[in-house]
Amino acid sequence: MAGMVEIRDATQQSPGGPEVLAVTLADLLECIASEGRALTWTILDLEAVGELSDGRNMLDLEDRIAVSPYGLIVSWEWLVALAQDLEQVVNGLIVGVKDPLMTRQISREADFCAVSDLVLQAIDSSLWSVYARDDRVLKRLRTRFRDTQQWDC
């Protein structure tokens, strides 16, 4: 059964250092890796902080995503590498689909849950919302992260 898990992104104090985010995009991708590897990913929105290892700057990437009608279509490997470069995702919308042809049905105004298998949404850097068709993903998220709430769709 499809559902949605919200994860509160509380900050935590690292020993002898600054506050760090308790939940990052890299954490989420690690948690969904077994399903995520098989999907085609589209980044529809991204506002983040970090230095990209491919030599581009974050504003260029954000602009590329903003001007594409279907978002930026990326592989799992590229998405994981991007997540490693990011210090914080302020806002983001990342959609995964089993059928690569479905990427043409995804737009910023679409009902993502109707056409997607996984949706990762960062809301104001303090809350992640994850939609999944697979109950195993939802259970893994609830187990991995402390402050969660789930709804069935």
Side-chain angles (χ1 to χ4, degrees), residues 4-134 137-138 140-141 144-148:
M4 185 172 300
V5 171
E6 282 191 351
I7 304 165
R8 296 253 171 242
D9 193 13
T11 57
Q12 58 189 6
Q13 188 73 30
S14 62
E19 285 189 338
V20 294
L21 293 178
V23 180
T24 65
L25 177 58
D27 293 332
L28 291 175
L29 296 180
E30 178 184 316
C31 197
I32 65 166
S34 56
E35 293 79 13
R37 285 183 186 96
L39 302 178
T40 299
W41 291 91
T42 301
I43 304 173
L44 292 166
D45 184 27
L46 184 65
E47 181 182 352
V49 177
E51 296 225 8
L52 303 180
S53 57
D54 65 3
R56 297 181 192 177
N57 77 37
M58 189 58 66
L59 291 177
D60 290 340
L61 176 60
E62 291 172 1
D63 288 344
R64 282 181 52 208
I65 293 166
V67 299
S68 175
Y70 304 108
L72 181 63
I73 299 170
V74 300
S75 68
W76 173 256
E77 293 76 16
W78 194 93
L79 185 59
V80 169
L82 173 65
Q84 295 301 318
D85 290 343
L86 301 179
E87 295 171 27
Q88 179 182 17
V89 176
V90 178
N91 290 300
L93 182 58
I94 305 168
V95 177
V97 294
K98 286 182 183 173
D99 181 359
L101 297 175
M102 293 300 287
T103 57
R104 296 296 180 198
Q105 293 186 24
I106 297 171
S107 69
R108 289 164 186 85
E109 294 79 33
D111 177 3
F112 308 113
C113 297
V115 297
S116 306
D117 295 286
L118 267 165
V119 177
L120 309 175
Q121 185 171 17
I123 304 164
D124 194 21
S125 77
S126 63
L127 176 68
W128 283 94
S129 175
V130 180
Y131 165 82
R133 289 191 188 278
D134 189 331
V137 172
L138 300 172
R140 209 173 311 126
L141 290 166
R144 168 74 166 77
F145 302 105
R146 284 181 266 152
D147 191 358
T148 65

Quiz item: Are Arg144 and Leu141 side-chain neighbours, meaning at least one heavy-atom pair lies under 4.5 Å?
Solution: no

Exercise. Could you pull out the closest heavy-atom pair between Trp128 and Thr24, with the gap in Å?
Key: CZ2-C, 4.3 Å

Practice problem: Measure the spacing between CG of Leu101 and OG1 of Thr40 and express it to the nearest 0.5 Å. | Solution: 9.0 Å

Quiz item: Roughly how far, to the nearest 0.5 Å, is the CD atom of Glu87 from the CD atom of Glu51?
Solution: 7.5 Å

Quiz prompt | Smallest separation among heavy atoms of Thr42 and Gly71, with atom names | solution = CG2-CA, 3.8 Å

Quiz item: Going from CG on Leu46 to CG on Asp63, what distance comes out if it is rounded to the nearest 0.5 angstrom?
Solution: 11.0 Å

Quiz item: Got Trp78 and Ile43 here, is their nearest side-chain heavy-atom distance under 4.5 Å?
Solution: yes

Practice problem: Locate the shortest heavy-atom distance separating Glu62 from Glu47; write the atom from each residue and the value. | Solution: OE2-CA, 3.4 Å

Exercise. Given side chain to side chain contact (heavy atoms under 4.5 Å, CB included), test Val115 with Val95 step by step and report yes or no.
Key: CA-CA 9 Å; Val115 297; Val95 177; 5.8 Å; no

Self-check item: side chain to side chain contact (heavy atoms under 4.5 Å, CB included) between Gln121 and Asp45, worked out
Solution: CA-CA 9 Å; Gln121 185 171 17; Asp45 184 27; over 6 Å; no

Quiz item: Roughly how far, to the nearest 0.5 Å, is the OG atom of Ser116 from the CD1 atom of Ile106?
Solution: 4.5 Å

Quiz item: Is any side-chain heavy atom of Asp27 closer than 4.5 Å to a side-chain heavy atom of Phe145?
Solution: yes

Quiz item: Are any of the side-chain heavy atoms of Ile94 and Val74 separated by less than 4.5 Å?
Solution: no

Quiz item: Just wondering, do Leu52 and Leu82 contact through their side chains at under 4.5 Å, heavy atoms?
Solution: yes

Self-check item: Spacing of CG belonging to Leu79 relative to CG belonging to Leu120, to within rounding of 0.5 Å
Solution: 7.5 Å

Exercise. List the steps, then state whether side chain to side chain contact (heavy atoms under 4.5 Å, CB included) holds for Arg133 with Lys98.
Key: CA-CA 11 Å; Arg133 289 191 188 278; Lys98 286 182 183 173; over 6 Å; no

Quiz item: Distance-only, no hydrogens or angles: does the Ser68 side chain make a donor-acceptor pair with backbone N or O of Ile65 under 3.5 Å?
Solution: no

Quiz prompt | The single option from Asp99, Val97, Val137, Asp134 passing side-chain contact (heavy atoms from CB on, under 4.5 Å) against Asp117 | solution = Val97

Quiz item: Shortest non-hydrogen contact from Leu86 to Val89?
Solution: CD1-CG2, 3.7 Å

Self-check item: Nearest heavy atoms of Met58 and Ala48, plus distance in Å
Solution: CG-O, 3.3 Å

Quiz item: Any side-chain heavy atom of Val23 within less than 4.5 Å of one from Arg8?
Solution: no

Exercise. Over all heavy atoms of both residues, which pair between Ile32 and Trp41 is shortest? Give the atoms and the distance, please.
Key: CD1-CH2, 3.9 Å

Quiz item: Is Ser53 close to Gln84 at the side-chain level, that is, under 4.5 Å between some pair of heavy atoms?
Solution: no

